[in-house]
*Asks:* 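Below you will find the structure I want to go over with you.
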Amino acid sequence: MYTILIADDETEIVELLQLYLEKEYTLLEANSGPEALLLIQNHKIDLAILDIMMPGMDGLQLLKKIRQEYQFPVLFLSAKSQHHDKILGLELGADDYIAKPFNPLEIAARVGALLRRVHQFDAPAVEAKSEQLKLGELTLDRASCLLYRSGEPVALTSTEYKIVELLMEQPGRVFTRKKIYEAVWEDFYVYEDNSIMVHISNIREKIEQDSKKPEYLKTIRGLGYKFEAPLEK
């Protein structure tokens with residue numbers, strides 16, 4: 001059974017999430033950032049649900065510390081008025097976010113999708129998934145779920161990995177935001193937001209020599225994104 005950390009200083013929210021998640025997952029609860037960090041350091045966490053506004057250490061500060069050592073998925077909860085915090089959270093390595101007030105059924109669905117996305121990598125490898133995808137200096141090893149640039153590992157979040165895998169599978173093909181969202185998030189794309197754009201920007205920072213002049217991950221204005229091999233110099 002997967003272990004989920006819920007970190008929120010609002011008791012009502014913690015109890016609501018417990019009600020919808022406790023039958024399927026082992027739950028750990030924290031009411032502050034420092035308490036959450038201590039639980040992370042002493043337990044194997046498979047996914048964390050973090051509130052942005054918490055005493056002692058807010059969710060953004062906690063996420064920075066998490067990403068220094070751990071790669072498990074992080075789902076942010078934030079008030080609608082904290083739109084800039086949502087974007088910053090994604091830039092720091094969060095995998096998804098939901099605005100308060102939220103539908104607990106949506107939380108349960110997104111938690112399930114995030115865990116499937118990560119832990120399908122732990123399933124016994126089949127021939128199709130043991131292949132390596134190569135493009136220029138990039139190598140994506142599906143067996144280990146790692147991306148390498150010139151032999152050096154690139155630290156990707158699970159969401160970033162799935163986006164890279166999707167685009168590297170068909171280099172040259174243009175993927176719309178809708179296609180990327182539905183393939184990676186395993187959900188219907190019902191509204192336009194900039195979360196995909198933030199993930200794309202994070203990937204470029206990690207794989208490109210110059211993220212302002214990307215050679216691999218190209219934007220096709222008005223259409224979407226594609227991966228392609230850089231031109232030989």
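What you are looking at is a predicted structure, and each value in this text was computed from that prediction instead of being measured.
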*Asks:* Does a side-chain heavy-atom distance below 4.5 Å link Leu28 with Thr3?
*Replies:*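 The answer is yes; the side chains approach within 4.5 Å.
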*Asks:* I need the minimum non-hydrogen distance between Tyr97 and Ser195, along with the two atoms involved.
*Replies:* CE2-CB, 4.3 Å
*Asks:* Can you name the closest pair of heavy atoms from Pro230 and Gly136 and give their distance?
*Replies:*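 Looking at all heavy atoms of both residues, the closest pair is CD-CA, 4.3 Å.
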*Asks:* Does Glu91 have any salt bridge (charged side-chain N to carboxylate O under 4.0 Å, His left out) partners at least two apart in sequence or in another chain, and if so, which?
*Replies:*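 By the salt bridge (charged side-chain N to carboxylate O under 4.0 Å, His left out) rule, Glu91 matches no residue at all.
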*Asks:* Should the heavy atoms of other residues, nucleotides or ligands under 6.0 Å from NZ of Lys206 be counted, would the total exceed 12?
*Replies:*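 Check passes, neighbour count above 12.
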*Asks:* Can you name the nearest heavy-atom pair linking Pro55 to Ser32, along with the distance?
*Replies:*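 Reported closest heavy-atom pair: O-CB, 3.4 Å.
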*Asks:* Roughly how far, to the nearest 0.5 Å, is CD1 of Ile13 from CD1 of Ile6?
*Replies:* 10.5 Å
*Asks:* Can you tell if the side chain of Leu47 reaches within under 4.5 Å of the side chain of Tyr2, non-hydrogen atoms only?
*Replies:*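 Contact flag for Leu47/Tyr2 side chains = no.
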*Asks:* For the backbone of Glu10 and the side chain of Asn31, can you confirm whether one donor and one acceptor N or O come within less than 3.5 Å of each other?
*Replies:* no
*Asks:* Who passes side chain to side chain donor-acceptor pair (under 3.5 Å) against Ser201, sequence neighbours left out?
*Replies:* none
*Asks:* Drop me the distance from Leu92's CG to Thr157's OG1, to the nearest 0.5 angstrom.
*Replies:* 11.5 Å
*Asks:* Answer yes or no: is there a side-chain heavy-atom contact under 4.5 Å between Ile4 and Leu17?
*Replies:*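 No, their side chains stay 4.5 Å or more apart.
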*Asks:* Sort out for me which residue in Ile220, Leu166, Thr176, Ile196 forms a side chain to side chain contact (heavy atoms under 4.5 Å, CB included) with Tyr225.
*Replies:*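 Filter result, single survivor: Ile196.
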*Asks:* Would you say Ile66 and Leu38 are hydrophobically clustered, going by side-chain heavy atoms of ILVMFWY under 4.5 Å?
*Replies:* no
*Asks:* How close do Asp46 and Pro73 get, heavy atom to heavy atom, and via which atoms?
*Replies:* O-CD, 3.1 Å
*Asks:* Return the NE2 to CG distance between His199 and Leu90, rounded to the nearest 0.5 Å.
*Replies:*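 So the NE2 of His199 and the CG of Leu90 are separated by 4.5 Å.
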*Asks:* Could I get the full list of side chain to side chain donor-acceptor pair (under 3.5 Å) partners for Gln41, not counting sequence neighbours?
*Replies:* none
*Asks:* Specify the closest pair of heavy atoms between Tyr216 and Leu135, including all atoms of both residues, with the distance to one decimal.
*Replies:*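 Closest approach of Tyr216 to Leu135: CE2-O, 3.3 Å.
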*Asks:* Which donor-acceptor pairs under 3.5 Å do side chains of residues 144-156 form with protein atoms, sequence neighbours excluded?
*Replies:*
residue, atom, partner, partner atom, Å
Ser144, OG, Asp141, OD2, 3.4
Arg149, NE, Glu137, OE1, 3.3
Arg149, NH1, Ile207, O, 2.0
Arg149, NH2, Glu137, OE1, 3.1
Ser150, OG, Glu137, OE1, 3.2

*Asks:* Please report the interatomic distance OH(Tyr161) to CE(Met168), rounded to the nearest 0.5 Å.
*Replies:* 9.5 Å
*Asks:* Treating Ile, Leu, Val, Met, Phe, Trp and Tyr as nodes and any side-chain heavy-atom pair under 4.5 angstrom as an edge, say whether Leu21 and Ile98 lie in one connected cluster.
*Replies:* yes
*Asks:* Applying side-chain hydrogen bond (donor to acceptor under 3.5 Å, both in side chains), which residue pairs with at least one partner in residues 53-69 are found, sequence neighbours left out?
*Replies:*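 Output for this query lists Arg67-Asp95.
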*Asks:* Please collect all side-chain hydrogen bond (donor to acceptor under 3.5 Å, both in side chains) contacts where either partner lies in residues 11-30, sequence neighbours excluded, each pair once.
*Replies:*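 Applying side-chain hydrogen bond (donor to acceptor under 3.5 Å, both in side chains) to every pair that reaches into residues 11-30, excluding sequence neighbours, yields Gln18-Glu29.
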*Asks:* Find out whether Glu208 and Lys213 are in side-chain contact, i.e. whether some heavy atom of one side chain is under 4.5 Å from a heavy atom of the other.
*Replies:* no
*Asks:* Is any side-chain heavy atom of Lys100 closer than 4.5 Å to a side-chain heavy atom of Met53?
*Replies:*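 Side-chain contact under 4.5 Å: no.
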*Asks:* Look at the rings of Tyr70 and Phe72 and say which category their plane angle falls in: under 30° parallel, 30 to 60° tilted, over 60° perpendicular.
*Replies:* tilted
*Asks:* Please check if Val174 and Leu133 belong to a single hydrophobic cluster, counting links between Ile, Leu, Val, Met, Phe, Trp and Tyr side chain heavy atoms closer than 4.5 Å.
*Replies:* no
*Asks:* How far does CG of Leu5 sit from CG of Leu50, to the nearest 0.5 angstrom?
*Replies:* 6.5 Å
*Asks:* Check the pair Leu88, Phe76 against side-chain contact (heavy atoms from CB on, under 4.5 Å), reporting the backbone distance first and the verdict last.
*Replies:* CA-CA 11 Å; Leu88 181 55; Phe76 257 136; over 6 Å; no
*Asks:* Flag the pair Leu27 / Val14 as yes when at least one side-chain heavy-atom distance between them is below 4.5 Å, and no otherwise.
*Replies:* no
*Asks:* Atom CZ in Arg110, atom CH2 in Trp185: separation rounded to 0.5 Å?
*Replies:*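 Between Arg110 CZ and Trp185 CH2, I get 9.5 Å after rounding to 0.5 Å.
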*Asks:* Determine yes or no for a side-chain-to-main-chain donor-acceptor pair under 3.5 angstrom, with Glu215 supplying the side chain and Gln209 the backbone.
*Replies:* no
*Asks:* Looking at every heavy atom in both Ser211 and Glu205, which two are closest together, and how far apart are they?
*Replies:* OG-OE2, 3.0 Å
